[in-house]
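Step one of this worksheet: look at the structure below.
Starting from 1, each residue takes its place in the sequence as its number.
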Amino acid sequence: MLQLPETPRRMKPQSSLEQSYELCRQVTAKYSKTFYLGTMLMTEQKRRGIWAIYMWCRRTDELVDGPQAAATTTNTLDEWEANLESVFAGHPVDDYDVALVDTIERYGLDIQPFRDMIDGQRMDLYRSRYETFEELKLYCYRVAGTVGLMSAQVMGLETFSDRLQAPWTNPYVRAGGQDPIEQAIALGIANQLTNILRDVGEDTRRNRIYLPQEDLRLFNYTEAELFEGVVDERWRALMKFQIERARKFFAMAEDGVSALEKDARWPVWSALVLYRQILNVIERNSYDVFTKRAYVPDLRKMLFLPTAWVKAL
């Protein structure tokens with residue numbers, strides 16, 4: 001885990017631009033191996049921009065889920081957002097931000113998805129349950145769908161060069177009614193739903209339940225049973241339902257990959273294909289996410305890269 005201060009504080013950056021990008025690369029490689037593998041398929045300039053974005057997103061997530069999360073308050077997140085405003089004004093707050101400032105200026109990133117992600121962390125401060133999927137979907141957009149917006153600006157859309165914004169503020173829709181912005185967000189939501197299913201057991205130990213309450217009731221499965229890690233036919237039916245929903249978002253995201261610039265399609269396809277495999281592993285584990293960690297071995301990951309290459313073509 002990253003070691004963050006109890007509250008974000010302003011420091012004078014000491015790193016050069018190259019050193020800052022290297023710091024971002026090291027953290028990405030260490031903490032998100034599958035994601036890092038995908039970035040290595042990008043051009044050097046684009047992968048550096050993605051590392052800078054990942055670094056900021058991880059630090060933001062650590063404020064609520066990291067070692068010092070207990071000390072995080074609404075004031076902490078307010079100060080973090082103030083730091084964000086400084087970065088977007090061209091004034092890096094610390095060494096990691098030097099690379100992010102360069103990425104913002106190089107690709108004309110929009111600040112709103114970054115603000116939305118901080119709002120997602122605010123939700124984690126006061127919410128540990130979600131009644132409906134629509135409520136959960138908003139959370140997933142904020143903490144993960146936003147990454148699709150940030151990243152797509154770096155990777156580029158072949159037919160659309162303006163600033164990428166949340167779909168409800170963006171008038172651009174491709175011919176046929178397909179919105180690549182919605183599709184970029186869909187990949188982030190699919191990944192977050194996959195995380196939720198993989199981490200059910202871990203989340204219960206923090207008294208968090210991200211499975212919608214209405215879905216638990218639909219399958220007559222109680223919170224008490226969830227905390228006990230009961231795996232029976234009701235649980236398997238509930239998990240099948242959740243996995244099918246996640247796969248629908250992955251399918252929606254597939255349709256948007258073709259809108260990306262050509263040099264970004266293979267890495268995005270690779271990330272999509274590899275992350276979707278986690279759902280297959282959950283199935284192979286008989287939906288036991290309480291005692292078995294669902295992960296894709298490195299060798300198996302490499303086997304899927306040719307498949308992603310073909311899809312990218």
Side-chain angles (χ1 to χ4, degrees), residues 1-5 8-68 77 79-111 113-118 120-121 143-156 164 184 187-188 191-192 195 260-261 263-264 266-268 270-271 274-275:
M1 290 287 188
L2 290 173
Q3 296 297 316
L4 292 176
R9 61 172 180 256
R10 293 178 179 272
M11 299 176 286
K12 184 177 181 180
Q14 302 295 322
S15 293
S16 68
L17 182 59
E18 289 303 313
Q19 290 170 332
S20 181
Y21 272 119
E22 175 59 17
L23 287 171
C24 295
R25 185 200 69 78
Q26 291 175 3
V27 171
T28 307
K30 182 175 182 179
Y31 291 101
S32 187
K33 293 180 174 58
T34 298
F35 182 74
Y36 181 72
L37 177 62
T39 65
M40 294 307 293
L41 303 176
M42 299 178 184
T43 63
E44 181 178 3
Q45 182 173 301
K46 289 185 177 181
R47 78 169 69 115
R48 282 156 54 101
I50 297 298
W51 293 337
I53 290 172
Y54 173 85
M55 185 71 244
W56 184 87
C57 291
R58 183 167 186 89
R59 296 173 74 198
T60 302
D61 181 70
E62 288 284 287
L63 289 172
V64 173
D65 284 334
Q68 286 137 1
L77 295 177
E79 186 173 348
W80 187 247
E81 187 165 359
N83 288 355
L84 175 69
E85 299 283 349
S86 176
V87 169
F88 267 83
H91 307 297
V93 177
D94 57 31
D95 289 341
Y96 297 112
D97 292 333
V98 174
L100 183 57
V101 167
D102 181 67
T103 297
I104 290 167
E105 294 174 350
R106 186 181 299 273
Y107 294 102
L109 300 188
D110 180 23
I111 194 173
F114 292 81
R115 290 174 177 150
D116 289 344
M117 177 170 281
I118 295 174
Q121 307 310 313
V143 300
T146 50
V147 181
L149 293 179
M150 301 171 193
S151 302
Q153 189 71 49
V154 172
M155 292 182 287
L164 294 174
L187 181 55
N191 288 344
Q192 186 62 24
N195 288 339
L260 293 173
E261 292 180 357
D263 61 1
W266 187 24
V268 175
S270 298
L274 293 176
Y275 219 81

Handout entry: Shortest non-hydrogen contact between Q192 and A144, atoms and distance
Key = CB-CB, 3.6 Å
Practice task
Supply the atom-to-atom distance D116 CG to L149 CG, rounded to the nearest 0.5 angstrom.
Solution key: 8.0 Å
Exercise for the section: Could you pull out the closest heavy-atom pair between R47 and M40, with the gap in Å? Expected result: NH2-O, 3.5 Å
Problem - Over all atoms of both residues, closest heavy-atom pair of A264 and M155 - result: CB-CB, 3.6 Å
Handout entry: Aromatic ring pairing F88/F114, orientation class (parallel under 30°, perpendicular over 60°, tilted between)
Key = perpendicular
Exercise for the section: Could I get the full list of side chain to side chain contact (heavy atoms under 4.5 Å, CB included) partners for E18, not counting sequence neighbours? Expected result: S16, R48
Handout entry: Student check: side-chain heavy atoms of N195 and Y275 closer than 4.5 Å
Key = yes
Exercise for the section: Return yes if a side-chain donor-acceptor contact under 3.5 Å exists between Y107 and Q45, otherwise no. Expected result: yes
Exercise for the section: For the residue pair K30 and Y36, establish whether any side-chain heavy-atom pair is separated by less than 4.5 Å. Expected result: no
Practice task
Might you point out which heavy atoms bring A184 and A152 nearest each other, and give the distance in Å?
Solution key: CB-CB, 4.4 Å
Problem - Contact check, side chains of L187 and V268, non-hydrogen atoms, under 4.5 Å - result: yes
Exercise for the section: State the CZ-CG distance between R58 and D65, to the nearest 0.5 angstrom. Expected result: 9.5 Å
Problem - Donor on one side chain, acceptor on other, S151 and Y54, under 3.5 Å - result: no
Problem - L23 to S15 - nearest heavy-atom pair and separation - result: CD1-OG, 3.8 Å
Problem - All side chain to side chain contact (heavy atoms under 4.5 Å, CB included) counterparts of R115, not counting sequence neighbours - result: E81, L84, E85, I111, Q112
Exercise for the section: State, yes or no, whether a side-chain contact exists between M55 and T28 at a heavy-atom distance under 4.5 Å. Expected result: no
Fill in the blank from the handout: Looking only at heavy atoms, the pair that brings L109 and M150 closest together is CD2-O, 4.0 Å
Exercise for the section: Measure the spacing between CD1 of I118 and CG of L63 and express it to the nearest 0.5 Å. Expected result: 8.5 Å
Practice task
To the nearest 0.5 angstrom, please state how far the CH2 atom of W51 sits from the NZ atom of K46.
Solution key: 14.5 Å
Handout entry: Validation row: T60, Q121 side chains within 4.5 angstrom (heavy atoms)
Key = yes
Handout entry: Distance (rounded to the nearest 0.5 Å) between T39 OG1 and E44 CD
Key = 11.5 Å
Exercise for the section: Any chance you could measure W56, atom CH2, to M117, atom CE, to the nearest 0.5 Å? Expected result: 6.0 Å
Problem - Under 3.5 Å: donor-acceptor pair, side chain of S20, backbone of D95 - result: yes
Exercise for the section: For D61, check salt bridge (Lys or Arg N to Asp or Glu O under 4.0 Å) against everything at least two apart and list the hits. Expected result: none
Handout entry: Heavy-atom side-chain proximity of T103 to Y21 below 4.5 angstrom
Key = yes
Problem - Carboxylate-amine/guanidinium proximity below 4.0 Å for E62 and R59 - result: no
